[in-house]
Protein chains: 2
Amino acid sequence: MDASAETLARAIGERVKHERRALGWTLDRLAEHAGVSRRMVVSVEQGTVNPSVGTLLRLSDALGVGLPALVEPPASRASKLTRSGDGAVLWTGERGGRGMLVAGTEPPDVVELWDWTLHPGERHESEPHSAGTRELLHLLEGAITVEVDGQTHDLVAGDALAFLGDTDHWYANTSAEPARFSLAVFEPGVGAGRRNGEPDA
Amino acid sequence: MDASAETLARAIGERVKHERRALGWTLDRLAEHAGVSRRMVVSVEQGTVNPSVGTLLRLSDALGVGLPALVEPPASRASKLTRSGDGAVLWTGERGGRGMLVAGTEPPDVVELWDWTLHPGERHESEPHSAGTRELLHLLEGAITVEVDGQTHDLVAGDALAFLGDTDHWYANTSAEPARFSLAVFEPGVGAGRRNGEPDA
DNA sequence: ACGATCGGTGCAGTATCCTGCACTGATGGA
DNA sequence: TCCATCAGTGCAGGATACTGCACCGATCGT
């Protein structure tokens, strides 16, 4: 087990221990539920072993936290406040509409929260994001049309749409009033150490 | 290696192979970059072994995809439309405020988009979510106070706050007008098989 | 026809994951 | 005080992840 694997093992251990404590479980109980020896549970929690995915799967399953959550690198613990107007305006329409990124998380597993305003007649076409990207849109005011993967959806105020963002898609305001919506974008695992050199996909 | 571990191993194998192909790499090249024997690379891609996290870490690092992406189950491809008012109201305040879940993704990696209204004086205390949960809050109207992990933040309309949701936290409307905010909640890898029996956290 | 390269298999050896058990020390309740 | 329960350690042995090498068949360029 080399250095980076040890770091990972320790991080996994902390998470397992934290989850077990949160459930109020003893070592014996977790071992029994997971079908793993108690000795192994201790070793994993201490980060003194390099467990197989099979073992981790059993533990994460017993804890109910899902395997990816266990192997995720640690996230920063700080809260981050973005004051009104400090968001990044990453799109502006011809008639005053705009798309503003108001909050987001660090890689890996990027989640972004956007505040969009689309004036009548404006339309935004989005490049496909990376594989597995999902978007959640909640229309606050007005009416818009969303097309994703060839399917069009007409939304009115209050409607919400969940869709995959890894294909072509666009939003358009086809009504007479301005429209406003919140958009959550989730881009899984853009993380760690993407190498240079070769182009991707 | 039991049945579910075999399924996982095959899924991991497909992903490794897919990523290697996407980079146009040969087995030898991946083996060399990852510092893993070529024999092992083949075995992992075939899903015939139960690799250690250390081995997977080296592979994911060499491929530049991040370890969680390798162990993540595939997502469904459908769009889902929620009409106005069809969202699930999962909290109601004493004075008419409410928290409504308007859109969300399937496990694993749950992302939820909420629409919250907090009337003057109302306060919502949230149980800590599972480890790694992150929340993005965007205040649309009014003014609220958010406390997370002992820190309080005073927000006015337009402000946004990103924070970790795995500790105690609450939102309160301390102003004289109603407040409304969008909330994106990201809960990584709540996948697979959450057990029954014990309550969570 | 020939060599070079690639994906893939079979096998022996070794490194280590993993188990099972015995044990210690700390805590808490009757 | 005595007993039960808990977290954690040390160790021997079995199971298996992992390596290294030899080898096969298919494909491609000369």
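Reminder, nothing fancy here: chain letters follow the sequence lines and each chain counts from 1.
Separating the CG atom of A:L27 from the P atom of D:dT5 is a distance of 15 Å, rounded to the nearest angstrom. Protein atom CG of A:D28 is 13 Å distant from nucleotide atom C1' of C:dC21, rounded to whole Å. In this entry the distance linking CZ of A:R29 with C1' of D:dA7 reads 17 Å, nearest Å. Rounded to a whole Å, the CH2 atom of B:W25 is 17 Å from the C1' atom of C:dG7.
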Quick one: which protein N/O atoms are closer than 3.5 Å to N/O atoms of nucleotides 25-30 of chain C? Pair and distance per line, please.
none

Protein-nucleotides 9-13 of chain D N/O pairs under 3.5 Å:
unit_1: D:dT9; atom_1: OP2; unit_2: A:Q46; atom_2: NE2; d: 2.5
unit_1: D:dG10; atom_1: N7; unit_2: A:R39; atom_2: NH2; d: 3.2
unit_1: D:dG10; atom_1: O6; unit_2: A:R39; atom_2: NE; d: 2.7

Could you go through nucleotides 14-18 of chain C and list every protein N or O atom that sits under 3.5 Å from one of its N or O atoms, giving the distance for each pair?
unit_1: C:dC18; atom_1: OP1; unit_2: A:S52; atom_2: N; d: 3.2
unit_1: C:dC18; atom_1: OP1; unit_2: A:S52; atom_2: OG; d: 2.6
unit_1: C:dC18; atom_1: OP1; unit_2: A:T55; atom_2: OG1; d: 2.7
unit_1: C:dC18; atom_1: OP2; unit_2: A:S52; atom_2: N; d: 3.4

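Atom-to-atom distance recorded for B:L56:CG and B:R58:CZ is 11.0 Å, nearest 0.5 angstrom.
Ring orientation note: the planes of B:F186 and A:F186 are tilted relative to one another, at an angle of 30° to 60°.
B:T26 and B:D28 share no donor-acceptor pair across their side chains, judged by distance under 3.5 Å alone.
Listed for the B:E112 side chain is no donor-acceptor partner under 3.5 Å among the backbone atoms of B:V185. With hydrogens and angles disregarded, a donor-acceptor distance shorter than 3.5 Å links the side chain of B:N50 to the backbone of A:G54.
The residue from B:H124, B:E135, B:E125 that alone fulfils the side chain to side chain donor-acceptor pair (under 3.5 Å) condition with B:H169 is B:E135. Under the side chain to side chain donor-acceptor pair (under 3.5 Å) rule, B:E45 has a single partner from B:R15, B:H18, B:R20, which is B:R20.
Two rings, from A:W25 and A:H33, have their centers less than 6.0 Å apart.
The pair A:R98-A:D115 does not meet the salt-bridge criterion, since no charged nitrogen lies less than 4.0 angstrom from a carboxylate oxygen.
Residue A:E6 places its CD atom among more than 12 non-hydrogen atoms of other residues, nucleotides or ligands, all under 6.0 Å distant. Under a cut-off of 6.0 angstrom, the local environment of CZ in B:R123 is crowded, with over 12 non-hydrogen atoms contributed by other residues, nucleotides or ligands.
B:R21 comes within 4.0 angstrom of no nucleic acid atom, judged by non-hydrogen atoms across all strands.
Each of A:S43 and B:K17 lies near DNA chain C, and the nucleotide nearest B:K17 is the one positioned closer to the 5' end.
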